[in-house]
Amino acid sequence: PIIGLALRGRESVLGPRRRPTFLFLSLGINWWDMKTKFFTGEGDKGESRIGKSSYLKSNFLFAVLGGFDELNSWLGFCRAEALKVKIEAAVSIAEILKSIQEALFIIQAEVAAIAFNFDKNTKKITAEKIEFLENVIKKIDEEVPPITKFVIPGASELSARLDVARAASRRIEKMTV
């Protein structure tokens, strides 16, 4: 993220070809020797290549996949806080969140495979994973008192973060139904 901010901040000053060289050389990195190329230095004209096909970045599917990515990031932010919180439970909140994150990676791959006509042998969510997550929901429902009024976010750091993740999840749900 810091590099990305610096990259965007220098974009208008250095132009598209000099920007990556300047940024990475200032960090002591030869970008042309990097194993993973994050950019070509030539611009992408608003398109992304997936396999042998090109798609406009404005394609709705990128918004959906980006939504899954955002949700996974929010859950990671929640998990980092959950690791600090000590709550007695059979399964820790952090473990549950990590399991959900792992499931989201698989779901994101499934959506991409369907949307972009990838190999249909993409890893899929297993019945066991679904059953585990459903049982977690049932267990939480047994322990939490019934909600009878609107809940104002922010009772704790973790609950506030979870509320943001919940809102992101609902947005993605609406995009995918």
Side-chain angles (χ1 to χ4, degrees), residues 1-9 35-39 48 50-51 55-177:
I2 294 169
I3 291 172
L5 289 173
L7 187 64
R8 282 192 290 278
K35 292 180 186 170
T36 303
K37 303 287 189 214
F38 296 101
F39 51 86
S48 287
I50 298 180
Y55 299 89
L56 290 175
K57 287 187 175 183
S58 59
N59 187 313
F60 180 73
L61 295 168
F62 290 117
V64 171
L65 296 173
F68 280 115
D69 190 36
E70 178 188 357
L71 176 58
N72 213 331
S73 296
W74 277 113
L75 290 174
F77 193 50
C78 294
R79 189 165 56 94
E81 180 65 19
L83 289 168
K84 301 176 195 173
V85 177
K86 303 295 180 210
I87 297 175
E88 296 220 10
V91 180
S92 79
I93 294 170
E95 289 172 1
I96 293 168
L97 292 172
K98 185 175 182 185
S99 182
I100 294 169
Q101 285 182 283
E102 291 167 346
L104 280 173
F105 274 123
I106 297 168
I107 292 167
Q108 190 174 10
E110 282 187 79
V111 170
I114 293 166
F116 299 115
N117 296 315
F118 284 175
D119 182 9
K120 301 302 180 201
N121 294 324
T122 302
K123 187 173 182 180
K124 298 190 179 1
I125 292 292
T126 63
E128 293 81 17
K129 178 65 94 173
I130 293 170
E131 185 177 350
F132 168 78
L133 294 172
E134 287 174 345
N135 287 332
V136 166
I137 293 168
K138 289 176 189 173
K139 184 70 174 157
I140 291 170
D141 190 50
E142 290 171 5
E143 294 182 20
V144 175
I147 298 172
T148 58
K149 58 185 178 181
F150 286 104
V151 177
I152 297 173
S156 70
E157 177 79 19
L158 180 57
S159 72
R161 291 180 186 193
L162 287 167
D163 278 319
V164 175
R166 177 193 53 77
S169 174
R170 294 193 65 187
R171 183 171 22 87
I172 296 162
E173 179 185 20
K174 287 181 234 168
M175 292 170 75
T176 58
V177 293

request  = Quick one: pull up CD in Glu95 and NZ in Lys98 and give me the separation to the nearest 0.5 Å.
outcome  = 9.0 Å

message = Centre-to-centre under 6.0 Å for Phe116 and Phe62, is that the case here?
response = yes

key: Any Val111 side-chain heavy atom under 4.5 Å of Thr176 side chain   = no

note = By side-chain contact (heavy atoms from CB on, under 4.5 Å), Leu158 pairs with (sequence neighbours left out) Cys78, Glu81, Ala82, Val85, Ile93, Ser156, Leu162

ask   = Between Asp163 and Arg166, does at least one N-O distance fall below 4.0 Å, as a salt bridge requires?
value = yes

inquiry  = Looking at every non-hydrogen atom in both residues, tell me the closest pair between Gly154 and Ala160 and how far apart they are.
reply    = CA-CB, 3.8 Å

ask   = CG/Leu104 to CD/Glu70 distance, rounded to the nearest 0.5 angstrom?
value = 12.0 Å

ask   = Going by heavy atoms in the side chains, are Lys84 and Glu157 under 4.5 Å from each other?
value = no

ask   = For Gln108, what residues pass the side chain to side chain donor-acceptor pair (under 3.5 Å) criterion, not counting sequence neighbours?
value = none

task = Supply the atom-to-atom distance Ile96 CD1 to Gln101 CD, rounded to the nearest 0.5 angstrom.
result = 12.5 Å

inquiry  = Going by side chain to side chain donor-acceptor pair (under 3.5 Å), name the residues that satisfy it together with Ser99, two or more places apart in sequence or in a different chain.
reply    = Lys129

request  = Starting at CD1 of Ile106, measure out to OG1 of Thr126 and round the result to the nearest 0.5 Å.
outcome  = 7.0 Å

remark   = Separation between CG (Leu133) and CD1 (Ile130), nearest 0.5 Å, reads 8.0 Å

query = So does Glu142 pair up with Lys138, basic N to acidic O under 4.0 Å?
reply = no

key: Nearest non-hydrogen partners of Ser48 and Lys57, listed with the distance   = OG-CE, 3.2 Å

key: Distance in Å, Glu110 CD paired with Phe105 CZ, rounded so as to fall on 0.5 Å steps   = 14.5 Å

inquiry  = How close do Gly67 and Ile172 get, counting heavy atoms only, and between which atoms?
reply    = O-CD1, 2.8 Å

